[in-house]
Amino acid sequence: MNKEIAIDGPAGAGKSTIAKKVAEKLGLIYVDTGAMFRAIAFFMTEKGIGVDELDRIKSELEDIRLDIVYENGEQQVILGDENVSGKIRKPEISNAASKFAVIPEVRTRLLNLQRELAKKRPVVMDGRDIGSKVLPNASVKIFLTADVRVRAERRYKELTQKGESVNIEDIMSDIKSRDEQDMNRTVSPLVQAKDAVLVDTSALSIEEVVEVIIKIAKDRNSEFK
Ligand code: DC
């Protein structure tokens, strides 16, 4: 049985925090696929390319150099020769990432990269379509969610701790519009895979969620025992 863990869910459900900890505890590599969509959105935005300029997008996608490397166990996103891991975290890039993510050519380009990474080492991979599309045979699939207000509060805390000046209502409307876009696109929408376990984190602490997921992983795949 493979040791792949797929974690999907809407924005702000805590996927990356949780996936990182699960990976650490089980000795797996954490792959954040949202960062790849963010990197593409960042690249296109910097070049002044809009989401509706399909020909320019396709031609740039052929040349774009996007690499995922690990430094002290932390995923780094390298675009060309630049480490853009910090720059892609801005709220405007979250929004642009969700918009560029509807484009089939963008998804295909990243799908190959995501599957290649999973071939190298067992992974905990998080995103929107990991259980349904990227790793359909993952032995463990989780759909992580939380109430939209809770998700907005968590994101608010995270951004203000980084010193960004943000407004909670703006964050909530940004999360809602991203959910809407991510769930309603034609190609690989955000969906709970039929064999995924739903975990609602609204009333749980990070440690509790990690424990719940590790228990599910052990129940589903004896190699995690
Ligand atoms: O997980 P995140 O917030 O970093 O993701 C940013 C956007 O990228 C998200 O709104 C939708 C898109 N995305 C996607 O379409 N498929 C994935 N597997 C991961 C992210």
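Residue indices begin at 1 and follow the sequence shown. Numbering of ligands and ligand atoms starts at 1, following listing order.
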I'd like to know if Arg220 and Asp195 make a salt bridge, using a cut-off of under 4.0 Å between side-chain N and carboxylate O.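 Salt bridge flag = no for Asp195 with Arg220.
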Lys215 bridged to Asp219 by N-O distance under 4.0 Å: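 Asp219 and Lys215: salt-bridged.
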Could you tell me which non-hydrogen atom of [X] sits nearest to which non-hydrogen atom of [Y], and how far apart they are?
X      : Y      : value
Val140 : Phe224 : CG2-CE1, 3.9 Å
Ala193 : Lys141 : CB-CD, 4.1 Å
Asp32  : Asp126 : CA-OD1, 3.4 Å

Which residue supplies the protein heavy atom nearest to [atom], what is that atom called, and how far is it?
atom                    : result
atom 12 (C) of ligand 1 : Ala101 CB, 3.8 Å
atom 4 (O) of ligand 1  : Arg38 NE, 2.6 Å
atom 6 (C) of ligand 1  : Arg178 NH1, 3.4 Å
atom 8 (O) of ligand 1  : Phe37 CB, 3.5 Å
atom 1 (O) of ligand 1  : Arg128 NH1, 2.9 Å
atom 19 (C) of ligand 1 : Thr33 OG1, 3.4 Å

Could you tell me which atoms of ligand 1, counted from 1 in the order shown, lie closer than 4.0 angstrom to a heavy atom of [X]?
X      : value
Gly127 : 17 (C), 18 (N), 19 (C)
Arg185 : 14 (C), 15 (O), 16 (N)
Ala97  : 6 (C), 7 (C), 8 (O)
Gly34  : 1 (O), 2 (P), 4 (O), 5 (O), 19 (C), 20 (C)

For atom 15 (O) of ligand 1, the option (of Lys133, Met125, Arg107) bearing the nearest heavy atom: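 Looking at heavy atoms only, the winner is Arg107.
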Have a look at Asp174, Asp182, Asp129, Asp126 and point out the one with the heavy atom closest to atom 18 (N) of ligand 1.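 Minimum heavy-atom distance to atom 18 (N) of ligand 1 goes to Asp129.
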For the pair Asp8 (side chain) and Ile130 (backbone), establish whether a donor and an acceptor sit closer than 3.5 Å, ignoring hydrogens and angles.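 Side chain of Asp8 to backbone of Ile130: a pair is present.
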Between Arg154 and Thr201, a side-chain donor and acceptor under 3.5 Å: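 Indeed, the side chains of Arg154 and Thr201 share at least one donor-acceptor pair under 3.5 Å.
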Considering both backbone and side-chain atoms of Ser94, is one of its nitrogen or oxygen atoms within less than 3.5 Å of a nitrogen or oxygen in ligand 1?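 By distance alone, the answer is no.
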Apply the salt bridge (Lys or Arg N to Asp or Glu O under 4.0 Å) test between Glu211 and each candidate in Lys218, Lys21, Lys25; give the one that qualifies.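 Only one option passes, and that is Lys25.
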Going by heavy atoms, is Gln181 under 4.0 Å from ligand 1?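 Judged by the 4.0 Å heavy-atom criterion, Gln181 does not count as contacting ligand 1.
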Above 12 or not: heavy atoms from other molecules or residues under 6.0 Å from NZ of Lys194?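 For Lys194, atom NZ is not crowded (no more than 12 foreign heavy atoms under 6.0 Å).
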